[in-house]
Amino acid sequence: MIRTLFAAAFAVTLVFAPAAFAPAAFAHDGKAHFGDLDLSGMFARATLPNAPVGGGFLTITNHGSDADTLVSATSTAAKSVQVHEMKMEGDVMKMRHLGDGLPIPAGETVSLTPSGLHLMFMGLEQPFVEGATVPVTLTFANAGSVEVALPVLSVAATGVTRTHGPRCHGFG
Amino acid sequence: MSPQSLRNFRIVLWTLVAIVAVGATAMYLFKPPARPLGVSGQSFAMAATTGGQFTQKDLLGEPSLVFFGYTFCPDVCPTTLAETTAWRQELGLKPDDLRIIFATIDPSRDTLPIVKSYVEGFDPSIIGLVGDQQQTDDIKAAFGAYSEINGATDDPYYLVDHTALIYMIEADGSFAGTIAYDEASDVALAKIKRLIQP
């Protein structure tokens with residue numbers, strides 16, 4: 001099912017925008033376009049030795065006219081992946097699992113960034129090492145499933161710094 | 001000496017005794033209280049990743065930054081470890097000038113070897129503290145820190161809500177204030193400068 005959806009998305013992308021868009025799975029410039037959704041700012045934090053969990057981050061923009069929901073995430077790198085919300089209540093840090101998924105309202109951008117929302121990878125198959133990538137399949141209620149690769153940044157990285165590679169000519 | 005002058009001498013003497021007694025009592029009552037070790041003065045004893053036990057008396061000596069967390073925490077705890085070591089570096093301080101102390105509030109999952117490799121993976125000079133449930137409750141009480149398991153404990157990945165403050169402890173072991181989570185870096189640096197030059 002996921003493969004089929006992904007293949008469909010791949011085909012659609014190829015047919016309609018072969019020059020402008022890279023298929024989501026090959027989003028090595030840190031961005032992916034998937035149906036009405038734009039995924040950007042993707043990264044995971046390197047994990048400390050023995051850390052049983054890791055954090056993943058990305059920004060999702062819904063360009064469509066219908067609301068969508070990030071209902072689940074899976075990864076071959078961890079036993080399970082959950083969407084968590086971190087909140088400060090006074091000086092107490094509280095973390096909650098968003099069991100009903102994360103709403104992505106029409107026309108809005110939802111950011112999973114440190115000190116807020118994150119993908120929590122639980123039961124790591126191996127530590128997240130800076131420079132590697134972590135595969136994750138995100139499933140949306142409407143848009144379906146997409147596989148992306150989160151580049152692993154430093155242990156306390158707060159975001160992706162835009163680097164000016166060959167793809168960025170003219171935007172300097 | 002006449003009986004009259006002896007009587008006057010006695011009056012003067014007893015008056016002096018009364019003044020000294022009242023003065024001593026007042027000095028005793030109004031003297032500033034000794035500042036407790038830690039925040040509350042509660043005693044505690046935790047196993048340290050640097051070896052041996054760490055008690056409230058070990059707060060004496062050098063200034064310290066103390067905070068609470070757990071290794072299953074993917075956001076706040078690595079951030080705090082990173083920020084505190086970065087601040088120390090930025091101020092050109094050695095580990096002996098300012099100790100960084102991480103105490104786990106998750107005794108059922110965080111063992112000494114786990115916390116040791118966790119903090120040492122970050123900076124070998126960080127002191128990780130691990131205790132059993134009672135010892136953990138004691139050190140929380142010593143700092144007035146809060147933590148509570150959130151979710152079912154039979155879930156191996158349960159979450160723990162906890163105080164995310166950094167407690168600043170002076171070289172005499174007394175409490176000097178806190179640095180809040182997400183405090184602006186320049187404010188935190190100014191606070192640490194005051195801490196190390198009281």
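Proteins come first, then strands; the chains are lettered A, B, ... in the order of their sequence lines, and each starts at number 1.
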Query raised in the report: Side chain, backbone, both or neither: which part of A/M88 has a non-hydrogen atom closer than 4.5 Å to chain B?
Result: side chain
Query raised in the report: Is a salt bridge present between A/R45 and A/E130, judged by a nitrogen-to-oxygen distance below 4.0 Å?
Result: no
**Report entry** Residue-level contacts of residues 109-137 of chain B with chain A, using a heavy-atom cutoff under 4.5 Å
**Finding:** B/P113, B/I114, B/S117, B/Y118, B/G121, B/F122
Query raised in the report: Out of B/L98, B/I169, B/T178, which one pairs with B/L65 under the side-chain contact (heavy atoms from CB on, under 4.5 Å) rule?
Result: B/L98
Report task. Going by the side-chain contact (heavy atoms from CB on, under 4.5 Å) test, name the single residue among A/L70, A/L119, A/V71 that passes it with A/L102. Result -> A/L70
Requested in this report: Select one option (side chain, backbone, both, neither) describing which atoms of A/M122 are under 4.5 Å from chain B's heavy atoms.
Outcome: both
Report summary line: The side-chain contact (heavy atoms from CB on, under 4.5 Å) partner of B/E90 among B/L189, B/T85, B/I192 is B/L189
Query - Residue part contacting chain A, namely of B/Y70, when any heavy atom lies under 4.5 Å - result: side chain
Report task. State which residue, out of A/L39, A/D38, A/T109, fulfils the side-chain contact (heavy atoms from CB on, under 4.5 Å) condition with A/T59. Result -> A/T109
Query raised in the report: What is the ring orientation for B/F102 with B/F67, classed by angle as parallel under 30°, tilted 30 to 60°, or perpendicular over 60°?
Result: perpendicular
Report summary line: Ranking A/T158, A/V155, A/T47 by heavy-atom pairs under 4.5 Å to chain B gives rank one to A/V155
Query raised in the report: Mind checking whether B/F143 and B/F68 have parallel, tilted or perpendicular rings, split at 30° and 60°?
Result: perpendicular
Query raised in the report: A/M95 versus chain B, heavy atoms under 4.5 Å apart: side chain, backbone, both or neither?
Result: both
Requested in this report: Report yes if some heavy atom in the side chain of A/R96 is under 4.5 Å from a heavy atom in the side chain of A/K87; otherwise report no.
Outcome: no
Query - Closest heavy-atom pair and its distance - B/C73, B/C77 - result: SG-SG, 2.6 Å
Requested in this report: Select, from A/G116, A/G90, A/S115, A/A51, the one with the greatest count of heavy-atom pairs under 4.5 Å involving chain B.
Outcome: A/S115
Query raised in the report: Between A/G123, A/G54, A/S154, A/G55, which shows the greatest number of heavy-atom pairs under 4.5 Å with chain B?
Result: A/G123
Query - Which of B/V76, B/T79, B/T80, B/N150 touches chain A most, by non-hydrogen pairs under 4.5 Å - result: B/N150
Query raised in the report: Do B/D97 and B/I196 have side chains that get closer than 4.5 Å, going by heavy atoms?
Result: no
Query raised in the report: What part of B/L159 is in contact with chain A, defined as an atom under 4.5 angstrom from a non-hydrogen atom: side chain, backbone, both or neither?
Result: side chain
